[in-house]
Amino acid sequence: MSRTAVLVSCAELPSGDGDDDAVVPALSSLGFSVSWAPWDSAFDFASADAVILRATWDYPSRRAEFLAWCESVPSLLNSAAVVRWNTDKSYLVELLDAGVAVVPTSLVPPDSKAAFPSSDFVVKPSVGAGSRGAARFAAGADASSHVASLHAEGHTALIQPYQSSVDTSGELALVYLGGIYSHAFTKGAMLGSTMDSSGLYLAEELAPASPPADAVALAEDVLDAASALLGILRAELLYARVDLVRGGDGKPLLLELELTEPSLGFRQADASAPTRFASAVRQQLA
Ligand SMILES: Nc1ncnc2c1ncn2[C@@H]1O[C@H](COP(=O)(O)OP(=O)(O)O)[C@@H](O)[C@H]1O
Ligand SMILES: [Mg+2]
C-alpha cells in the first residue's frame, strides 16, 4: 500500500534545518512516498494522505493566512484546530487556570497597560516562534517601549518573570509521539544568543537528556490538560514537545507546549525515534 506524506516547511528552508532528515527514510520504510513542500507553495496538499507540519517557521507574521491554509488541508497533522489553539501563547493562561504548573504569565493585549514584575523579566509576543520578539529586562526596567512595539505589530504581549535556571540548566524538551513519551533533550539559554543565518530562529545548543521523574510527571499533566481543553485524545497528537524550566524553588514549570512546528530533536534522540514517528503517522491514518 503506497501512501503519500508531505513534510511541510517554509520558503526559506524548504527541506527544514536537517533535524527531520532521518524521518524521510523512516516514513519510506513504512510505505510512504515522501516529499517536502513549503506551506505557501503551489503543492497539491489536498491529495496527500498525510500533511505533516515540520518547519513552517515563518507563520508568526502571517498567522491568519497560515491558519486559513491549515483549515484548507484535509489531512493536516497536527490538526488545524490544534494549530489555531497552539499558535497563540495565551494557551499558557488556560493551562494555568486548569491547574498546570506554568511559568507565571500575564497577557497584555493592545490598548491595555503593562505591569512589570519586580524581578528580571521577559517580554515576548503571544504569537511568536524561534525567540523572535522575545527580550529580557532587568528588575525595575521600563519595558513599555518593547510592549508598545509588539502592540504596534498587532501582538498581545506576554510578560513572565525571567527563570534564571535557564542560564544554568537550560530548558528540558520532552517529545511525545502519538501521545506517548518518546525522548528528551536539553536546550541552552536563548536570549542573548545569535540568530541563525536564515533569520528565522536563534541557533540552539541541544543535547540528549534523560528526564527526571518530576519533569515527566509535569509533561504528562500538560498533555492531559491540553487534550482536555482541545476536546481530543492525546493519541490524536502526532507530535508534542513540552518545554520545561525549573522555578526558583527547583520545581519544574511549563515554558511552552509546542504542537505546531517544534524541532523534535531527532539528531539528539536514539536511532529508533524516526521509526516511532513514522509508526505514529501510520496510527493517525488508521
Ligand atoms: N520566562 C522566561 N525565563 C527565562 N527564559 C525565557 C523565558 N521566556 C523565554 N525565555 C527564553 O526565550 C526563548 C524563547 O521563548 P519561548 O517562550 O520558548 O518562545 P518561542 O520558542 O516560541 O520563541 C526560550 O527558549 C528561553 O531561552
Ligand atoms: Mg521555545
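Quick caveat, the model's predicted, so the values are computed rather than measured. Computed over heavy atoms, backbone and side chain alike; hydrogens, waters and symmetry mates excluded. As the structure lists them, so they are numbered: ligands from 1, and atoms in each ligand from 1.
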Handout entry: Derivation of the salt bridge (charged side-chain N to carboxylate O under 4.0 Å, His left out) call for R282 and D49
Key = CA-CA 10 Å; R282 288 279 298 248; D49 296 301; over 6 Å; no
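Between L254 and L95, the closest side-chain pair of non-hydrogen atoms falls below 4.5 Å. Annotation: side chain of V108 is not in contact with side chain of L158 (no heavy-atom distance under 4.5 Å). Two residues are said to be in side-chain contact when any heavy atoms from C-beta on lie closer than 4.5 Å; L285 and F32 meet this criterion. Side-chain atoms of L96 and V103, non-hydrogen and from C-beta on, never get closer than 4.5 Å to each other. Side-chain contact check for L255 versus L244: every heavy-atom pair is 4.5 Å or farther apart.
Residues D58 and R63 are not paired through a salt bridge, judged by the lack of any N-O separation under 4.0 Å between the basic side chain and the carboxylate. Using a cutoff of 4.0 Å between basic side-chain nitrogens and carboxylate oxygens, E94 and K89 are not scored as salt-bridged. The pair D214-K251 does not count as a salt bridge, with every side-chain nitrogen at least 4.0 angstrom from each carboxylate oxygen. Residues D17 and R267 are paired through a salt bridge, judged by an N-O separation under 4.0 Å between the basic side chain and the carboxylate. Of the charged side-chain nitrogens involved, at least one lies within less than 4.0 Å of a carboxylate oxygen, so that D270 and R276 count as a salt-bridged pair.
For ligand 1, the polar-atom distance check finds an N/O of E256 within less than 3.5 Å of one of the ligand's N/O atoms. In terms of N/O distances under 3.5 Å, ligand 1 is not approached by E258. Looking at ligand 1, you won't find any N or O of V122 less than 3.5 Å from one of its N or O atoms. The distance criterion of under 3.5 Å between nitrogen or oxygen atoms is not met by L255 with respect to ligand 1. Residue-to-ligand polar distances keep D243 apart from ligand 1: every N/O pair is separated by 3.5 Å or more.
For atom 24 (C) of ligand 1, the nearest protein heavy atom (residue, atom name, distance) is E171 OE2, 3.2 Å. In this structure, the protein non-hydrogen atom closest to atom 11 (C) of ligand 1 is L191 CG, 3.6 Å. Of all protein heavy atoms, the one closest to atom 13 (C) of ligand 1 is S131 OG, 3.4 Å. Nearest non-hydrogen protein atom to atom 3 (N) of ligand 1 is Q163 N, 2.8 Å. Protein heavy atom at the shortest distance from atom 5 (N) of ligand 1 is Y162 CE1, 3.4 Å.
Excluding water, every protein N/O/S atom under 2.8 Å from the Mg ion (ligand 2) is given here by residue and atom: E256 OE1.
Within the structure, ligand 1 lacks G133 among the residues with a heavy atom less than 4.0 angstrom away. At a 4.0 Å cut-off, at least one heavy atom of G130 sits close enough to ligand 1 to count as contact.
Of the inter-residue distances, the one linking R241 atom CZ with L259 atom CG reads 10.5 Å to the nearest 0.5 angstrom.
Of all the atoms in ligand 1, the ones that sit under 4.0 Å from a non-hydrogen atom of P161 are 1 (N), 2 (C), 3 (N).
Among K124, Q160, R132, K89, the residue whose heavy atom lies closest to atom 19 (O) of ligand 1 is K89.
D167 and S164 are not linked by any side-chain donor-acceptor pair at a separation below 3.5 angstrom, with hydrogens and angles left out of the test.
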